[in-house]
Amino acid sequence: MYQLYCNAGQPTGTNNISSPLKLFPVPPHALKLGQDGFKKVCRTEEGSPCPFPGLESGVLEMRVKEGSKIRNLMGFAMARIQGEKDTSGGGLRQVVFTGSGRAVTKTITCAEIMKRKVGSLHQLTKLQYKVVKEVWESTEGAVTQMTVHRTVPSISILLSKDPLDPQEPGYQPPESLGALWEEKERADPSSQATGKRPLEPLLYSGLHHCKRTCLGEGVSVTPSPLTG
Amino acid sequence: MMEPRIPGMSIASQSAQVHAESTPVTVEMDPVEYTLRKRLPRKLPKRRNDVYVNMKTDFRAQLARCQKLLEGGGHREICIHGLGLAINRAINIALQLQASSQGVLQLAANTSTVELVDDLEPDDPDEAREPMTRTRNNSAIHIKVFYPDPQ
């Protein structure tokens, strides 16, 4: 048995076996281990500092994995933040969604769904590299194990019913859905002049804009959490 | 990213998403008879310091482009955008930029939902079927990579 540490403790690069800039996504076959008769037997994320210092220890952390079902994650998280129907409490004040590697997109999707359904949530997003330890075992011949340390991008999204520090990098105020784009379009008028794309999607949202403003401004459009 | 928000604007985009979600799925689609064609995402702002990351361009080229903007281009901040699968790559580029700046560069990430439109085109022109469109949502990330102002 021997151990191979590639890139241990060096957050700047990923996966030194192949070319140093072949970074992400780094599927296992980038290492050519799978083709050389190796099988991944275990994958553990190494502890990294919490990206939200000063957060209470009791906060619900949803760890989103590649194979997690959004339905299951959201069923659990929504029940916790809205509060169970039979308890008097209004549910948790804060939730953290974390995910790394190929689960990053799913993590964002979960946060986006929760923001839409719950409404009025303050958001703080943090990015960092996470070290993942993988143990590979030879599938042919002698039992050989390899330990591979790999750095993968990870995301942590804090959603809070209570206000967060707006000066903190990565802060998003409630109901800022898509507002990023609108602001920029206003900030740079030349982008409209050079627009070559058909106008249909713009028209489309414009129509609904009229409709929606009649219903009242800034009102969360989600149904009341406690029905029945 | 830090400009004051305009309430009317944010409501417009919000309602669009609500619409997409609340539309009952009445489209009975027969996969054999329709071709699904994905439209490009709607036109988005493009300033000199906006970088839209995709999965077709070589990773190194996209990273180099960002580095050039920050070092040679004289920009104090750039904005890296990624949609769907390209979110990972956008994050990776941002973290690489930060690491190669010895931690001088800071990141501020925001997430959003982008509405996408698919066209369903009938394959058989003889049959009287109407072309249809279907909207769906995808997640996106917008990372501001910037040199913090000296305090």
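So you know, we letter chains A, B, ... as the sequences are listed, proteins then strands, and number each from 1.
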S.K.: If you apply the rule side chain to side chain donor-acceptor pair (under 3.5 Å), what do you find for T109(A) with S139(B), and how did you get there?
M.R.: CA-CA 6 Å; T109(A) 303; S139(B) 299; 2.8 Å; yes
S.K.: Can you give me the closest heavy-atom contact between A108(B) and G170(A), atom names plus distance?
M.R.: CB-N, 3.4 Å
S.K.: Would you give the length of the straight line joining atom CG of N138(B) to atom CD1 of I108(A), rounded to the nearest 0.5 angstrom?
M.R.: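 One finds 10.0 Å between CG of N138(B) and CD1 of I108(A).
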S.K.: What are the two closest heavy atoms between N88(B) and R102(A), and how far apart are they?
M.R.: ND2-CA, 3.9 Å
S.K.: Could you measure the distance from the CD1 atom of I141(B) to the CD1 atom of I155(A)? Nearest 0.5 Å is fine.
M.R.: 4.0 Å
S.K.: For L107(B), is it the side chain, the backbone, both, or neither that has a heavy atom closer than 4.5 Å to a heavy atom of chain A?
M.R.: both
S.K.: Can you establish whether the number of heavy atoms outside R63(A) located under 6.0 Å from its atom CZ is more than 12?
M.R.: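 At most 12 heavy atoms, drawn from other residues, nucleotides or ligands, come within 6.0 Å of this atom.
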S.K.: Roughly how far, to the nearest 0.5 Å, is the OG atom of S100(A) from the CD1 atom of I91(B)?
M.R.: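 The CD1 atom of I91(B) sits 10.5 Å away from the OG atom of S100(A).
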S.K.: Compare every heavy atom of N110(B) with every heavy atom of Y171(A), then report the nearest pair and how far apart it is.
M.R.: O-OD1, 3.6 Å
S.K.: Less than 4.5 Å to any heavy atom of chain B: does that hold for the side chain of Q123(A), its backbone, both, or neither?
M.R.: side chain
S.K.: Indicate yes or no: at least one non-hydrogen side-chain atom of L127(A) is less than 4.5 angstrom from one of Q98(B).
M.R.: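 When only atoms from C-beta onward are counted, Q98(B) and L127(A) do not touch, as no gap falls below 4.5 Å.
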S.K.: Does L85(B) CG have over 12 foreign heavy atoms under 6.0 Å away?
M.R.: no
S.K.: Under 4.5 Å from any heavy atom of chain B, what part of I157(A) do you find: side chain, backbone, both or neither?
M.R.: side chain
S.K.: Considering all heavy atoms of both residues, which atom of P169(A) and which atom of Q106(B) are nearest to each other, and what is their separation?
M.R.: CG-OE1, 3.5 Å
S.K.: Can you measure from NZ (K115(A)) to OG1 (T113(B)) and round to the nearest 0.5 angstrom?
M.R.: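 If I round to the nearest 0.5 Å, the distance is 6.5 Å.
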